[in-house]
Amino acid sequence: MKYRYFSFFVIILYSCGTSAPNPTASNANGSPDKNKLSPLQETAAKKIALSQFNDLERFFGNENYLIDRGNDTSFLYFSRISDFLILTHQYVLRNGDSTFLKIDSIRLDPEMRAVWKWKQNKLLLRSADNNSVDWANTLDDQLYLQFQKTDNDKIKLAENGQTNVVLQKTLTISKFLVRSFYDHNHGTRLAYDSSEFTKTHK
């Protein structure tokens with residue numbers, strides 16, 4: 001049996017080596033950059049940023065979410081890699097396996113701000129707490145993504161002022177992909193069952 005979902009994890013592991021960019025020490029002419037933060041300012045900025053990343057992890061967790069848009073069902077998986085790096089994996093299922101995989105990242109920009117590359121946009125974190133997370137477009141500073149937690153398993157998402165959709169928490173990514181592959185081969189729906197299965201010995 002071929003387990004093609006392992007390619008998904010290879011991509012994730014390969015991405016783990018990516019690190020957040022550091023502020024530049026000089027401009028293109030080699031002269032000191034006036035916008036460069038002092039060591040004290042950088043320490044204070046990183047402290048604030050770390051708090052923001054912790055808030056994001058508390059809100060999203062390292063979870064796999066199903067996004068139901070009617071005839072279009074996709075998935076969004078959050079994975080915190082380091083203090084200042086969260087990877088977001090957007091994918092759909094085809095023949096029981098993950099495909100059309102797109103990996104974006106939430107990381108620090110040179111100004112020590114939390115920025116998320118979402119599709120074709122760069123979004124700046126505006127606020128994050130236990131109940132909601134708001135992102136603004138860096139180009140016009142208008143709110144672009146608004147996440148609001150409705151319960152422990154569901155998050156309401158408004159994208160660019162469009163109709164709200166719901167993110168439904170699913171199984172951990174490993175269990176979900178294994179069960180999805182099994183479902184495809186056996187006509188079951190174990191991937192959508194939150195029950196924990198244990199091996200029985202005869």
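Atoms considered below: every heavy atom in the structure, side chains included; atoms not considered: hydrogens, waters and symmetry mates.
For S74, the side-chain hydrogen bond (donor to acceptor under 3.5 Å, both in side chains) criterion is met by no residue, not counting sequence neighbours. Residues meeting the side chain to side chain contact (heavy atoms under 4.5 Å, CB included) test with D140, sequence neighbours left out: N137, Q142. Here Y144 pairs with nothing under the ring-ring contact (aromatic ring centres under 6.0 Å, His included) rule; sequence neighbours left out. Applying the salt bridge (charged side-chain N to carboxylate O under 4.0 Å, His left out) criterion to E159, with sequence neighbours excluded, gives R69, K119. Under the side-chain hydrogen bond (donor to acceptor under 3.5 Å, both in side chains) criterion, N160 pairs with no residue, sequence neighbours left out. Contacts of A158 classified as side chain to side chain contact (heavy atoms under 4.5 Å, CB included), with partners at least two apart in sequence or in another chain: Q146, N164. The ring-ring contact (aromatic ring centres under 6.0 Å, His included) test applied to F53 returns F84, not counting sequence neighbours. Take D55 and apply the salt bridge (charged side-chain N to carboxylate O under 4.0 Å, His left out) test, not counting sequence neighbours, and it matches R58. In this structure, the side chain to side chain contact (heavy atoms under 4.5 Å, CB included) partners of D151, at least two apart in sequence or on a different chain, are D153, K154. With sequence neighbours excluded, the residues that form a salt bridge (charged side-chain N to carboxylate O under 4.0 Å, His left out) with D141 are R126. Under the side chain to side chain contact (heavy atoms under 4.5 Å, CB included) criterion, S38 pairs with L40, Q41, sequence neighbours left out.
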_K102 vs D104, test: salt bridge (charged side-chain N to carboxylate O under 4.0 Å, His left out). Steps then yes/no._
CA-CA 7 Å; K102 178 174 174 49; D104 288 324; 3.4 Å; yes
Worksheet entry | Derivation and outcome, side chain to side chain contact (heavy atoms under 4.5 Å, CB included), residues N121 and W135 | CA-CA 11 Å; N121 302 286; W135 298 85; over 6 Å; no
Run S79 and I81 through side chain to side chain contact (heavy atoms under 4.5 Å, CB included) and show every step you take. CA-CA 6 Å; S79 176; I81 303 302; 3.5 Å; yes
I would like to know whether I106 and L123 meet side chain to side chain contact (heavy atoms under 4.5 Å, CB included); could you show each step before the answer? CA-CA 9 Å; I106 302 172; L123 306 179; over 6 Å; no
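Rounded to the nearest 0.5 angstrom, R107 CZ and D83 CG are separated by 13.5 Å. Taken to the nearest 0.5 Å, the CD atom of Q52 stands 5.0 Å off from the CG atom of L125.
Across T88 and S105, no two heavy atoms sit closer than the pair OG1-N, 4.2 Å. Residue W118 comes nearest to L76 through the heavy atom pair CZ3-CD2, 4.2 Å, listed as atom of the first residue, atom of the second, then distance. The minimum heavy-atom distance between N64 and Y91, with the atom names listed, is OD1-OH, 3.0 Å. Nearest approach of F59 to N130, heavy atoms of both residues: CD1-O, 3.7 Å. Of all heavy-atom pairs spanning L143 and D134, the tightest one is CD2-CB, 3.9 Å. Shown here for A49 and L108, the closest heavy-atom pair between the two residues is CB-CD2, 3.5 Å.
With hydrophobic clusters built from ILVMFWY side chains whose heavy atoms lie under 4.5 angstrom apart, F78 shares a cluster with L50. In the hydrophobic clustering of this structure, V166 does not group with Y65; members are Ile, Leu, Val, Met, Phe, Trp, Tyr whose side-chain heavy atoms approach within less than 4.5 Å, directly or through other members.
Using a 4.5 Å heavy-atom threshold, the side chains of L145 and W116 count as touching. R80 is listed as a side-chain neighbour of N54, based on a closest heavy-atom distance under 4.5 Å.
For H89 (side chain) and Y77 (main-chain N/O), a donor-acceptor pair under 3.5 Å exists by modelled atom type.
For the residue pair D68/Q168, the side-chain donor-acceptor check at 3.5 Å is not satisfied. Between the side chains of E57 and N62, at least one donor N or O sits under 3.5 Å from an acceptor N or O.
The number of heavy atoms from other shown groups lying within 6.0 Å of NZ (K117) does not exceed 12.
Alongside V115, the hydrophobic cluster contains L124 (criterion: ILVMFWY side chains under 4.5 Å).
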